[in-house]
Asks: 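Take this structure, written in structure tokens, and hold onto it; I'll ask about it next.
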Amino acid sequence: MSARTARTRLLAAAALAVATLSLTACNNGEGVRDEGASAGTSSVAPSSKGSEGATTGKGTAAPVGSSSKGAESDKDSQGTAGSSGSTGSGGSSGSKGSSGSTGASDSDSDSTLNKPCTTVRTTATEVSRPLNHLLLTVTNTGSKNCDLAYYPAVRLGEAQSVPPVFEDSQPQAVVTLAPGESGYAGVLLSAADGSGSDGYTAKSMTLYINTDSQKALTPSLPAKGVHVDSSVRVTYWQATMDDALAW
């Protein structure tokens, strides 16, 4: 046998021995079992995050082997849903409260409105104090409450215009009359010191409850009439005689 042939056979025997050792290692049951367990842990068993995602999802189980990103996504979805539910509930409650508040306000407002006084009895009385004043009295002869709004529009004798109002006499609230109750207004007829001009005697009066009223009332004046000049003024309707004659 030549040296070359002997070397070739030696190399072949060595290769066969290496192959045999490799095959033996691959067929080792313990080695295969260890590798299988490792692979199962990474590719089959769901992670704890994956389980959480499956439990907290909206009725759809998370797929086996979900990545950590998927689990975090599920958590985010759950958090968003919870926040949305809270906001929805709060919004609904706020809307109801607002609606309830608004309804109550409208109802209260409607319940306090009264019609202007139209079914009334009126008188015009000349008083001794203060000088040159008339006291106008309006009594509610109807069956329901009514309002005396603003101030009376008065025409004395043949006057072509109505007297202006004492602006500072405006009360804090409209005068409301229950059935049988009375409201009052004062009329300054002329200046007590004689400083007024264009004086005349008026023996009749036409009275409107306010400047928007369409119904003319004609309370009687004293038979001798009353002296009127350019100082003539009226007050707003008042709840008491004293307030009406304070101007």
Side-chain angles (χ1 to χ4, degrees), residues 108-247:
D108 290 345
S109 175
D110 290 342
S111 68
T112 60
L113 292 177
N114 299 301
K115 291 184 177 180
C117 294
T118 54
T119 307
V120 296
R121 180 177 66 254
T122 61
T123 62
T125 307
E126 188 174 21
V127 296
S128 58
R129 291 287 184 277
L131 294 175
N132 306 333
H133 275 69
L134 279 178
L135 176 66
L136 303 180
T137 304
V138 171
T139 303
N140 179 10
T141 58
S143 59
K144 295 182 180 179
N145 290 1
C146 65
D147 289 339
L148 279 179
Y150 307 113
Y151 55 90
V154 176
R155 291 189 184 277
L156 291 161
E158 302 300 321
Q160 299 301 307
S161 61
V162 299
V165 66
F166 288 107
E167 291 292 349
D168 290 343
S169 70
Q170 184 172 3
Q172 292 184 350
V174 171
V175 176
T176 297
L177 302 182
E181 288 186 339
S182 299
Y184 309 91
V187 182
L188 170 62
L189 296 170
S190 58
D193 59 4
S195 60
S197 59
D198 303 324
Y200 65 95
T201 298
K203 293 187 176 183
S204 64
M205 170 189 285
T206 302
L207 168 67
Y208 297 86
I209 296 295
N210 56 59
T211 55
D212 293 331
S213 178
Q214 300 299 313
K215 183 177 181 180
L217 306 170
T218 55
S220 300
L221 293 178
K224 63 179 180 59
V226 293
H227 180 72
V228 182
D229 67 20
S230 60
S231 302
V232 64
R233 298 285 189 280
V234 299
T235 70
Y236 280 86
W237 290 110
Q238 309 290 332
T240 69
M241 295 183 188
D242 290 343
D243 289 340
L245 295 174
W247 304 89

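As a basis for the values below, the full set of heavy atoms in this structure was taken, side chains included, without hydrogen atoms, waters or symmetry mates.
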Asks: Testing the basics here: between Ser213 and Tyr208, what is the closest heavy-atom pair and its distance to 0.1 Å?
Replies: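 Minimum heavy-atom contact is O-CD2, 3.6 Å.
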Asks: Write down the atom of Asp212, the atom of Tyr150, and the distance for their closest heavy-atom approach.
Replies: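 Closest approach of Asp212 to Tyr150: OD2-CE1, 4.4 Å.
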Asks: If you look at every heavy atom in Leu177 and Cys117, which pair is closest and at what distance?
Replies: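 Shortest heavy-atom contact: CD1-SG, 4.1 Å.
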Asks: Quick check: do Leu134 and Leu221 have side-chain heavy atoms less than 4.5 Å from each other?
Replies: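 Yes, at least one pair of side-chain atoms sits under 4.5 Å.
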Asks: Apply side chain to side chain donor-acceptor pair (under 3.5 Å) to the pair Asp193 and Ser195, showing each step before the final yes or no.
Replies: CA-CA 6 Å; Asp193 59 4; Ser195 60; 2.8 Å; yes
Asks: Would you name the heavy atoms of Ala191 and Ser231 that are closest together and state the gap between them?
Replies: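 Where Ala191 meets Ser231 most closely, the heavy atoms are CB-OG, 3.4 Å.
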Asks: Does Thr137 use its side chain to pair, donor to acceptor, with the backbone of Thr123 at less than 3.5 Å?
Replies: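 Absent.
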Asks: If the test is side-chain contact (heavy atoms from CB on, under 4.5 Å), which one of Val174, Val175, Asn210 qualifies with Leu148?
Replies: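 For Leu148, the side-chain contact (heavy atoms from CB on, under 4.5 Å) check succeeds only for Val175.
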Asks: Between Glu167 (side chain) and Val165 (backbone), is there a donor-acceptor pair under 3.5 Å?
Replies: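 No; judged by distance alone, with no hydrogens or angles, the pair does not exist.
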Asks: How far does CD of Glu158 sit from CD of Gln160, to the nearest 0.5 angstrom?
Replies: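 If I round to the nearest 0.5 Å, the distance is 7.5 Å.
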Asks: Quick one: closest heavy-atom pair of Ala202 and Gly157, and the distance?
Replies: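 Residues Ala202 and Gly157, closest heavy atoms: CB-N, 3.7 Å.
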Asks: I'd like to know whether Asp243 forms a side chain to side chain contact (heavy atoms under 4.5 Å, CB included) with Thr235, so could you lay out the CA-CA distance, the side-chain angles of the two residues, the decisive distance to 0.1 Å, and finally the verdict.
Replies: CA-CA 9 Å; Asp243 289 340; Thr235 70; over 6 Å; no
Asks: Does the side chain of Ser204 come within less than 4.5 Å of Thr218's, by heavy atoms?
Replies: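 Counting from C-beta outward, Thr218 and Ser204 never come under 4.5 Å.
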Asks: Any side-chain to backbone donor/acceptor pair from Ser190 onto Asp229? Under 3.5 Å, distance only.
Replies: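 The answer is no, because no donor-acceptor pair under 3.5 Å joins these two groups.
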Asks: Should Leu136 and Val138 count as side-chain neighbours, where that means a heavy-atom distance under 4.5 Å?
Replies: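 Result no, sub-4.5 Å side-chain heavy-atom pair not found.
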Asks: Are any of the side-chain heavy atoms of Thr118 and Ile209 separated by less than 4.5 Å?
Replies: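 In short, these two side chains do not touch, never coming nearer than 4.5 Å.
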Asks: Does some side-chain heavy atom of Met205 sit less than 4.5 Å from a side-chain heavy atom of Val154?
Replies: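 They are in side-chain contact.
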Asks: Decide side chain to side chain contact (heavy atoms under 4.5 Å, CB included) for Leu188 and Trp247; before the verdict, give the C-alpha distance in whole Å, the side-chain angles of both, and the deciding distance to 0.1 Å.
Replies: CA-CA 8 Å; Leu188 170 62; Trp247 304 89; over 6 Å; no
Asks: Take Asp147 and Thr176 through the side chain to side chain contact (heavy atoms under 4.5 Å, CB included) test and state the conclusion after the steps.
Replies: CA-CA 4 Å; Asp147 289 339; Thr176 297; 2.8 Å; yes
Asks: Would you compute the distance between atom CG of Asn132 and atom NE2 of His227 and round it to the nearest 0.5 angstrom?
Replies: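 Atom-to-atom, Asn132:CG and His227:NE2 are 7.5 Å apart.
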Asks: Report yes if some heavy atom in the side chain of Thr211 is under 4.5 Å from a heavy atom in the side chain of Tyr151; otherwise report no.
Replies: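 Yes, close enough: below the 4.5 Å cut-off.
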Asks: Are the side chain of Gln238 and the backbone N or O of Gly186 linked by a donor-acceptor pair below 3.5 Å?
Replies: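 Such a contact is absent between Gln238 side chain and Gly186 backbone.
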Asks: Between Thr141 and Val120, what is the shortest heavy-atom contact and its length?
Replies: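 Smallest heavy-atom distance, with atoms named: OG1-N, 3.4 Å.
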Asks: Run the numbers on Glu181 and Asn140 for side chain to side chain contact (heavy atoms under 4.5 Å, CB included), then give the verdict.
Replies: CA-CA 6 Å; Glu181 288 186 339; Asn140 179 10; 5.6 Å; no
Asks: Could you state the interatomic distance from CG (Leu245) to OG1 (Thr125), rounded to the nearest 0.5 Å?
Replies: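 Interatomic distance, Leu245 CG to Thr125 OG1, rounded to 0.5 Å: 10.0 Å.
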